[in-house]
Amino acid sequence: MALPIPHDELFDYLVPEGLDVGVGHRVQVPLGKRAAWGIVVELLPAPTREGLQLRPLLRSAGPALPPWGIDLVAAVARRAHVTLGLALAQTVPTPARLRAGTLGLALSPADVNKALEEMRRRAPRQAAVLALVAEGRSWEELRTVRGAPSALRALVRKGFLQPSFLPFAYREERPPPSLNHEQGQALEQVLGLVGEGKTCLLFGPPASGKTEVYLEAARAVAEERRSAVLLEPEVSLLPQLWARARGRLGFDPYAYHGGLAPGARWQAWEAALHGRLRCAVGTRSAVFLPARDLGLVVVDEESEPAYKQDERAPYYHAREVAQDRARIQGCAVLLGSAAPAVTTFHRAEIGEIGLLKLQERWGGAPPQVRAVPKSGKILGAELQEAIRRHLDHGGQVLLFLNRLGFFTGAICRGCHSLLRCPSCALGLVYHRNRGFICHACGYSVAHPRCPTCGGDRFRLFGLGTERVEHEVKRCFPGTPVARLDSSTSRDAGGILAAVARGEVRILVGTQMIGKGLDFPGITLVGIIDADLLLGRPDYRGAERTYQVIVAAAGRAGRGTARGEVLVQTDQPDYYPIRHALTGNYGAFYQEELNYRRTLRYPPFAQLVRLVAEGPQGPQRLEKVGRAVARPGVEVLGPSPLLPRRGIPRAQLLLRGDKDLPRLLHELLPLAPTWLRVDPDPLTFW
DNA sequence: AGCACGCCGACT
DNA sequence: GTCGGCGTGCTC
C-alpha cells in the first residue's frame, strides 16, 4: 500500500478472506492508532520483509485508478521528491455524493426557449429554474426559488442540465469552418503521432485556428474509439471549449478542474476509470484523468504558468505529465501556442519534439498594434482617444491589467513604512468593498493601523483593475462598463453573456480576459501597463511580457472589423515589447536565447528550487547546499523569502545540467517535511 | 501527516 | 502535585 504519509516505504497488509482487492484500489487500513486510506500498489503472496507483524486491511472502496496510473503518479512524485502515497492523495479524487450547485446548461439557447415553452404549463417551477440557469445566475440566486433543489434534480434527469460545473452558460457554436490547407496538414501529422507517444508543438499566431485542429484531432481520435483530453490553463476558458467540442463531437465531453465539487469530480474520474470517458476538457489536474485508450492530450497555450502546480506538493507541470502519459500510454501530445515557452521552442528546434506551424490568419487582417507612453496616467491620451473612437464606431473595448484591487499599496504617512500583512509581510492591497487584503493568505483589515508607529493615515498608491474600472467610468460616463477578475468571477457567466450580447461596451480585467476569449465585437484592446512583469525577480520576465502582449492582442478584431491594440509602456524599445508589437516570435526567441545562454538559464541549465519552512530554514538549507555542491552544480543562496502565513521561509536555488535531477535524487530521495522541492521552478518568491 | 511519548516550566 | 508546551520518533 502507498499511504499518505511522508514515509517512503510501501506498507504490507493482509487481505481478509472474501474481500475483492486489486492494484489501484482505494483501501482503508489500520495505521498506528488510526485508520488511513491508501492505494494498493502491489499484491504479493508473502510479506516484503521478514518479521513484519501484518495487520489485516479494514475495507475497500473499490478501484481508484488503473495500475498504469500508479506509474504516472510515481513519476510525478519522484521528480518532486514526495512519497508516492502523498502524491496519490493529491491527484486522485475521493468518491463523494453528487452535490447541487454544480450544474451547467446542456442545451443551446434555442433549445432552452423550446424547453421553456413546453414546460411552462406542466412544470412552471422547473421552467423558472431553467430560465435562471440559462441567464447564468449563481447558485445563491437559484436557492431563493422555492423548490429549486427538486426542480434541479428533475432537470438533470431530463438531460437539460448536466452535473459538470462550468462557470458560464452554453454558448452557441458557430458552424465549423472547413480546415485550410495548413490546418489539414497539421491535423494529419498529429494523427500520425497517435500511438507513437510523441510530442509536437503547434505554433501559430492568435486566430490562426489552433483550436480547430485540436477539435478535429479529438474527433478523429474519438472515432477510432480512443479518448482525448484537452487542457486549458484556466477554468474561465473551459465553457467555450466545452461547447465547441460538444458541437464537434456530437456528445458531451466531461469537464474536470480544481473548482469542481467532490461529487462531480469523482463522477468524471470514475467515467474515465470505466472507459466511459471519450473526451474531457479541463485544467492542469485533468492531465491525471485515467482515460483509457488515450489517443491525444492537447495542452493549449502551453507556456501559461497556470499549468504549473506551485502552491502545494507535488509540484508538477501538466505539460511534463502529459509527456509521461505519452511514454506510458503511447498517446500523442500536442502543445499549442502563439508564443511558446523558450524552452519548448528550443526542444522543437533541436528536434526533440515535432514542430507544426500555422501562418495564415483566419478571417480578416491582423490587428494593428502600437505602443503608447504611460505618461503616469491610468488611461493615457492616446488610449482615451482610441476608446472613444471605437465606441463611436460601435466596437467593444477590452482593457487588460494583470493586477487586482484598487490601490495596490499603502504607505504610513507618519513613518513612511509600507503596510504589510502581519503574517506574510506582503504589501496589503486596498479593495473598495473589502478593505485592505493580503493576496497571499486572505488576511483582511478594514481600518489598519501602522504596526511601526501606530498611525492610521496612509498614502495609497498603485494601480489595480478596480481603479481602472473607476477611471474608465469617470472618463466615459454613461458607457456600460464591467470588470472581470478573480473577485468578480462568480458572475463570470452573466458578465461574459452581457459582453456577447453587446450590452457591455468596455470590459476591464486581469489575465482571465487576457487570453482565449473569442468575442467578435471586441475591436480595441488596451494593455494598461506592459512593464508590470519586467520588474519581477524572475528570469522569465521578458518571455512573460512577450506572451501577455501577444495573447491580449489576440483578443482584438476576431470579427469582421479590423482590430486595434494599444500597449501602454515606458520601454517600447525593450526587445520583448518591441518584438511583441510586430508579433515577431523568431526575433524575440533569438534575443532571449542569447540572454539565457549568457546567464545560464533554461534551456541551457536545469534549475531546482528548494524552499525550507521554519526558523531553522537557512541553516538547514546551508547543509543541503554543502552536500549538493560540486563541479557543474551551482548553489545559489540560501536567501530569505517573505514569510507565508507567519511561517518564516528561505530558499536555495540549484543550477546544473540535465543530470541535476538524478544527482539530487541520490542525495535526497525524499524531501523532509520542512523542505519543498520544486523542479523547473517558475516562481521565485 | 497524525498521534503518542516524554521531558521541562507554570500554576492550583 | 498536575496540566500542557512542543521536540522526537513511529506507523505494515
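Just so we're on the same page: letters track the sequence lines, and every chain starts at 1.
In this structure, A:L52 atom CG and C:dC12 atom P are separated by 10 Å, rounded to whole Å. Following rounding to the nearest Å, A:L86 (CG) and B:dG2 (P) show an atom-to-atom distance of 9 Å. The separation between A:W674 atom CH2 and C:dG7 atom P is 16 Å, rounded to whole Å. Protein atom CG of A:L88 is 16 Å distant from nucleotide atom P of B:dA1, rounded to whole Å.
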Open item on the list: Apply side-chain contact (heavy atoms from CB on, under 4.5 Å) to residues A:R55 and A:V29 and explain how you reach the verdict.
Closed with: CA-CA 8 Å; A:R55 299 164 78 180; A:V29 295; over 6 Å; no
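Within 4.0 Å of A:L54, counting heavy atoms only, lie sugar-phosphate atoms of the nucleic acid but no base atom.
Between A:R676 and A:Y315, the side chains place a donor N or O and an acceptor N or O closer than 3.5 Å (distance only, hydrogens not considered). A donor-acceptor contact closer than 3.5 angstrom links the side chains of A:T344 and A:E302.
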Mind listing the N/O atom pairs, protein and nucleotides 9-11 of chain C, below 3.5 Å?
unit_1, atom_1, unit_2, atom_2, d
C:dT11, O3', A:G32, N, 3.1

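When distances are taken from the side chain of A:T673 to each of B:dA4, C:dC12, B:dA1, the shortest belongs to B:dA1.
The backbone N or O of A:D300 lies less than 3.5 Å from a partner atom in the side chain of A:Y307, making a donor-acceptor pair.
In this structure, A:R600 fails the cation-pi test against A:Y539, since its NZ or CZ atom is not both closer than 6.0 Å to the six-membered ring centre and inside 45 degrees of the ring normal. Judged by a 6.0 Å distance limit and a 45° cone about the ring axis, A:R265 is positioned over the six-membered ring of A:Y256.
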